[in-house]
Amino acid sequence: MARELYLYNTLSRKKELFKPIHPNMVGLYVCGPTVYGDAHLGHARPGITYDVLVRLLKHLGYKVRYVRNITDVGHLENDADVGEDKIGKKARLEQLEPMEIVQIYTLRYHDAMRRLNVASPSIEPRASGHIIEQIALVQKILDAGYAYLSNGSVYFDVKKYDKKYKYGILSGRVIDDMLANTRNLDGQQDKHFSYDFALWKKASPEHIMHWPSPWSEGFPGWHLECSAMSEKYLGEEFDIHGGGMDLLFPHHECELAQNTVSRGKGGVHYWMHNNMITINGQKMGKSLGNFITLEELFNGTHKLLDQAYSPMSIRFFILQAHYRSTLDFSNDALQASEKGFKRMMQAAKDIKTIIVKEDAPAINEVAEIEKNVYDALCDDMNTPIALSYLFDAVKIINSVKDKNIFINAKDKAKLDSLMENIVKGVLGLVDEQTEVGSEKLIDGLVEMIIDNRKEAKANKDWAKSDKIRDDLKAIGIQIKDTKDGCEWTIE
RNA sequence: GGUACCAUGGCCGAGUGGCUAGGCAACGGUCUGCAAAACCGUCUACAGCAGUUCGAUUCUGCUUGGUACCUCCA
């Protein structure tokens, strides 16, 4: 690889030089959603973060296998491995088959991700489709002696594991500290130790989703699916495992423990965690009831929203913060992002048509911008820094357009490549207006109307020319009179 | 209570032991019939207190405030 990529590894708590296991190939596993409700703004963050990672890796020349799962079973409603299955509960409430719930919300999740320009993963496995693999994994852990059977359920023996391997190395926890603060939770009578976690749960009579197993009619524990599916599709050892910071403990810690016992090693080289989106400084989450769904954002229908925000504005908003920082939601911040995004897109469009001057001297800044953008992206995906340099490029493009400075073909090509390969390619920021199929028709109509206005202007009929401009504005078309004629954009 | 993390200008957000991002907003100017956009310029912040240092927003300690995880959550 020509460029060195550094990634922050949660396991070492440091930025590390990324070295793939197989040259030029990257295996990436990311924890996807539990599909029992609509995706909210919080879900957009890992979606976009790891999408940019995949795009960046590909841009750097790697072949990437990106596995992002759909959790459709085993994720319980309550604490301590008791309570209803999230999917099962929703199914009961809505009087649908669990798989209908899964289907509905999976499709809606896909649709939201598509609108955010998040590319589909290479493989999107479902937990319910890998019951056999999970049962095999439970057996393996039992055979290794790190699990026990209790009343039809199988639990991971955290104490025994801790003695040999140390439980808590990923999340930075010490088991003795945790012990001192163990709370009394209900429904733990089957466990030997409160931090033991379920690998297989015997289904209670009201539990809808269950499968036969050597131990009981039941269902797999939540942490199991990621271990089983990552191994199936990426092998015993793979490069990167990503997910939200809230999954660090217990989910990823348990996953690591399962891997260590069944594979003889943690299996993951780089653990990456995106931070949370907050609202009024507080984490946006389902349990807190302070979340805004992506659909509501796109429509502007939530009571906290002043207006609708386009998917790309949201993408830009998320990219303007580093993925490991919390990001606070507010209308002001989103509106700022919307404007910044539009400015960036306008420049990406304008670079195509700006006039070159062959004998113009090279603009030194162009090469610097290019270098700085790559450096930022390769420094643990510092998208805010990359964007700040890209705005320097925007400034140059606008200056050339205003004929304040001149540009030669070589510099223009560099800027064009930045806009094309980085802004659109890696950051995935694309113009949204082109979604309309009848683009040509609109173009033609607007041109006609503008011709009319031109005539009015020639006759100094300002009233008419202003009316045309105002009327167009009212339907969302903004006119701009420039030295070279009239331009227009759809708002 | 335990373990982490954070506190940056009107807002959002990077980053650094000295050269002090960027976006949005605001103000002044250029352009324009008027707008809009763009361009030029202005606005110089790093919670408080002590310490280390020639020098700290950046390191250390303390104080205050906040957040996350410890139970489901992206």
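Everything quoted here is computed from the prediction, not taken from an experiment. Chain letters run A, B, ... following the sequence lines, proteins first, then strands; residues in each count from 1.
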Of the options B/A68, B/G23, B/A36, whose atoms approach the side-chain atoms of A/Q282 most closely? B/A68
Spacing of A/K339 atom NZ relative to B/C12 atom P, expressed in whole Å: 16 Å
Atom CD1 of A/I351 to atom C1' of B/A38: distance rounded to whole Å? 15 Å
Find the distance A/N382:CG to B/U16:P and express it as a whole number of Å. 9 Å
With the side chain of A/T34 defined as its heavy atoms from C-beta on, choose the nearest nucleotide among B/G33, B/C11, B/A74. B/A74
If you only use heavy atoms from C-beta on, which nucleotide in B/A21, B/A74, B/C70 is closest to the side chain of A/L247? B/A74
Can a salt bridge be assigned to the pair A/D481 and A/K457 using a cut-off of 4.0 Å between side-chain N and carboxylate O? yes
Proximal nucleotide (of B/A38, B/A74, B/C12) relative to the A/H43 side chain: B/A74
Quick one: does A/D332 reach the base of B/C24 with a side-chain donor-acceptor pair under 3.5 Å? no
Which of the following nucleotides, B/G33, B/G13, B/G23, is nearest to the side chain of A/A321? B/G13
B/C34 base to A/R469 side chain: any donor-acceptor pair below 3.5 Å? yes
Could you check how far CZ of A/F317 sits from P of B/A14, rounded to whole Å? 11 Å
If B/A21 has a Watson-Crick or G-U wobble mate with both distances under 3.5 Å, name it; if not, just say none. none
Can you tell me how far P of B/A68 sits from CG of A/D328, to the nearest Å? 11 Å
With a 3.5 Å cut-off and just heavy-atom distances, do the side chain of A/D379 and the base of B/G15 make a donor-acceptor pair? no
Just checking, is any N or O donor in the side chain of A/D51 or A/Y66 under 3.5 Å from an acceptor N or O on the other one? no
Grab the CZ-P distance between A/F391 and B/C24 for me, whole Å please. 6 Å
Roughly, in whole Å, what's the span from CD in A/Q320 to P in B/A25? 12 Å
When you compare the ring of A/W462 with the six-membered ring of B/G33's base, are the centres less than 5.5 Å apart and the planes under 30° from each other? yes
Regarding A/T326 and A/D328, is there a side-chain donor-to-acceptor distance under 3.5 Å anywhere? no
Could A/K90 and A/Y105 be counted as a cation-pi pair, given that NZ or CZ must be under 6.0 Å from the ring centre and within 45° of the axis? no
Spacing between A/L327 atom CG and B/U67 atom P, to the nearest angstrom: 17 Å
From B/G13, B/A25, B/G33, pick the nucleotide closest to the side chain of A/P384? B/G13
Using the rule given for ring pair (Phe, Tyr, Trp, His ring centres under 6.0 Å), can you reason through A/Y29 versus A/H241, listing the C-alpha separation, both sets of side-chain angles and the distance that settles it, and then say yes or no? CA-CA 5 Å; A/Y29 188 95; A/H241 191 309; 5.1 Å; yes
Side-chain contact check for A/K395: nearest option of B/C70, B/C39, B/G15 is B/C39
Would the base of B/G33 count as contacting A/S465 through its side chain, where contact means a donor and an acceptor less than 3.5 Å apart? yes
Side chain of A/S330 only, please: which of B/C34, B/A14, B/C12 is the nearest? B/C12
So, A/W200 and A/Q134: side-chain donor and acceptor under 3.5 Å apart, yes or no? no
Considering just the side-chain nitrogens and oxygens of A/N398, establish if one lies under 4.0 Å of OP1 or OP2 belonging to B/C39. yes
Side chain of A/R173: nearest nucleotide among B/A14, B/C69, B/G33? B/C69
Think A/K283 has a side-chain N or O under 4.0 angstrom from the OP1 or OP2 of B/C69? yes
Report the nucleotide, chosen from B/C72, B/A74, B/G13, that has the shortest atom-to-atom distance to any side-chain atom of A/M276. B/A74
